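Only a predicted model underlies this, so the values are computations on that prediction, with no experimental measurement involved.
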Amino acid sequence: MAKINFGGVDENVVTREEFSLEKAREVMKDETIAIIGYGVQGPGQGLNLRDNGFHVIVGQRKGPTWEKALADGWVPGETLFEIEEACKRATVIQYLLSDAAQIALWPIVKKHLTAGKALYFSHGFAVTYKERTHIVPPADVDVILVAPKGSGTSLRRMFLQGRGLNSSYAIYQDATGRAKERAVSLGIGVGSGYLFETTFQKEVYSDLTGERGTLMGAIQGILLAQYEVLRENGHSPSEAFNETVEELTQSLMPLFAENGMDWMYANCSTTAQRGALDWMRPFHDATKPVFEKLYSEVASGNEAQRSIDSNSQPDYREKLNKELAALRNSEMWRTGAVVRKLRPENN
């Protein structure tokens, strides 16, 4: 583990140079890793582990997602099983179901958490909010976390490109004395660029804040607000979308992803620089109270309870699809579908 200074603060970080893939495979050579749930994170993590030479099986109910696993090359009776059978066979159970599904299936999974096994999460939700989820792991198993900082789709895509998606890792319970080496080995195995140390609580607090904030909730709200103002002032859908979304994602994001916001500012016009610097503070001052309220709701558990209550409803999927359809069918994102088709690489 290396100490790396981030903006004046030392943090514990594990790199692939320091902890090689070969070392990770050696640590896990006698382990059977079960991917429980082949939905959002399961395919990316499972396929990356398989391609990296780990012994991986998938536990999934029969249905459309089972068929998806079949299409990805998992073989029934060899590497693809019903959930309970996969849990029996595993020494490491990667619990990658949705938070609501984790609550529902916990009695089955817990039954097969025998001494010495490892329970692996990619989200600190279930354990951090155990009073609400009732997920309390047995004392004689390792409880570990590796949380890629992106979607399972991004994790897989970057792996196939020879790149890594950064991940956090945490140890909640070390029953065997091997929890850390198991966590780090699995973090390397799933394709992490580097691993930074956290706790289950900090992971879930930052994750819920980020998803509702700049990663998804806030960004959609801000984009929509600007798009609406442009449209209300007579700009065409194409012009409003290009100025709001297309230039951001296709031109500017790559610049500040590459070398930072100051570098991106320095490579824009002086007019853009001046305006961005002047308006940065009003946007900060307007949104920081919202972020403070959001973090408070996450830390109190209120946000978790809202998710549990909503996601466990029998008609949740139907309601969700309606909300997503409304987003997809909004003028801004219908315009976006046309703009994407007009990109040079699509013509």
Side-chain angles (χ1 to χ4, degrees), residues 7 40 149-154 157-158 165-166 205-298 302-303 306-307 310 319-347:
V40 177
K149 296 298 105 181
S151 69
T153 300
S154 298
R157 183 179 296 160
M158 292 175 73
L165 184 65
N166 300 330
Y205 284 12
S206 62
D207 190 70
L208 292 184
T209 300
E211 289 170 348
R212 287 146 180 78
T214 59
L215 302 179
M216 295 174 69
I219 193 67
Q220 167 61 15
I222 290 170
L223 294 175
L224 181 60
Q226 178 171 304
Y227 180 88
E228 288 174 343
V229 167
L230 290 172
R231 291 287 289 124
E232 288 160 4
N233 283 277
H235 298 270
S236 70
S238 177
E239 184 169 52
F241 188 87
N242 273 279
E243 287 296 336
T244 300
V245 179
E246 194 73 355
E247 187 172 353
L248 171 67
T249 59
Q250 302 303 300
S251 175
L252 299 184
M253 275 188 174
L255 292 181
F256 69 77
E258 184 179 345
N259 284 308
M261 190 66 76
D262 60 321
W263 188 84
M264 187 269 281
Y265 277 23
N267 283 273
C268 291
S269 71
T270 55
T271 301
Q273 291 168 12
R274 183 70 267 142
L277 290 167
D278 289 345
W279 279 92
M280 173 182 67
R281 180 54 59 183
F283 277 111
H284 168 273
D285 294 347
T287 59
K288 188 171 181 183
V290 180
F291 281 100
E292 290 171 338
K293 180 179 179 180
L294 167 58
Y295 193 88
S296 175
E297 287 292 283
V298 168
N302 291 339
E303 191 63 27
R306 278 191 286 272
S307 294
S310 174
K319 290 179 178 176
L320 172 67
N321 287 337
K322 287 182 180 179
E323 290 181 277
L324 294 179
L327 195 62
R328 182 172 60 252
N329 293 324
S330 66
E331 184 189 271
M332 184 170 76
W333 290 113
R334 282 188 288 114
T335 300
V338 177
V339 170
R340 288 193 294 275
K341 289 179 183 177
L342 293 174
R343 289 175 185 165
E345 66 266 25
N346 295 327
N347 291 290

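In this structure, the separation between CH2 on Trp263 and CG on Asn267 is 4.5 Å, given to the nearest 0.5 Å. Residue Asn242 holds its CG atom at 12.0 Å from CG of Leu248, rounded to the nearest 0.5 Å. Separation of atoms CD (Gln226) and OG1 (Thr244) is listed at 4.0 Å; rounding is to 0.5 Å. Rounding to the nearest 0.5 angstrom, the gap separating the CD atom in Glu211 from the CG atom in Leu294 is 10.5 Å. Rounding to the nearest 0.5 angstrom, the gap separating the CZ atom in Arg328 from the CG atom in Asn321 is 8.0 Å. One finds the OG atom of Ser296 at 8.0 Å from the CG atom of Asn302 (value rounded to the nearest 0.5 Å).
Residues satisfying the side-chain hydrogen bond (donor to acceptor under 3.5 Å, both in side chains) test with Gln273, not counting sequence neighbours, are none. Looking at residues two or more places apart in sequence or on another chain, you find no salt bridge (charged side-chain N to carboxylate O under 4.0 Å, His left out) involving Asp262.
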Throw together a table of side-chain donor-acceptor distances under 3.5 angstrom for residues 212-223, partners on residues two or more places apart or in other chains.
residue : atom : partner : partner atom : Å
Arg212  : NE   : Glu303  : OE2          : 2.7
Arg212  : NH1  : Leu208  : O            : 3.4
Arg212  : NH2  : Ser307  : OG           : 3.2
Gln220  : OE1  : Trp333  : NE1          : 3.1

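Using a 3.5 Å distance cut-off with no hydrogens or angles, the side chains of Tyr227 and Glu331 do pair a donor with an acceptor. For the residue pair Ser154 / Ser151, a side-chain donor-acceptor distance below 3.5 Å is found, with atom types taken as modelled.
Within the 4.5 Å cutoff, the side chain of Leu252 has heavy atoms near those of the Leu255 side chain. Using a 4.5 Å heavy-atom threshold, the side chains of Glu243 and Leu230 count as touching. Residues Lys293 and Pro289 fail the side-chain proximity criterion, which asks for heavy atoms closer than 4.5 Å.
The backbone N or O of Arg334 sits nowhere less than 3.5 Å from a side-chain atom of Asn329 that would complete a donor-acceptor pair.
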- Can you check side-chain contact (heavy atoms from CB on, under 4.5 Å) on Met332 and Glu228, steps first, answer last? CA-CA 9 Å; Met332 184 170 76; Glu228 288 174 343; over 6 Å; no
- Task: Show the numbers, then the answer: is there a side-chain contact (heavy atoms from CB on, under 4.5 Å) between Gln250 and Arg343?
- Result: CA-CA 10 Å; Gln250 302 303 300; Arg343 289 175 185 165; 3.3 Å; yes
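Few gaps surround CZ on Arg306; more than 12 heavy atoms of other groups in view lie less than 6.0 Å from it.
With Phe241 as reference, Glu246 is the one residue of Glu246, Glu247, His235 to meet the side-chain contact (heavy atoms from CB on, under 4.5 Å) rule.
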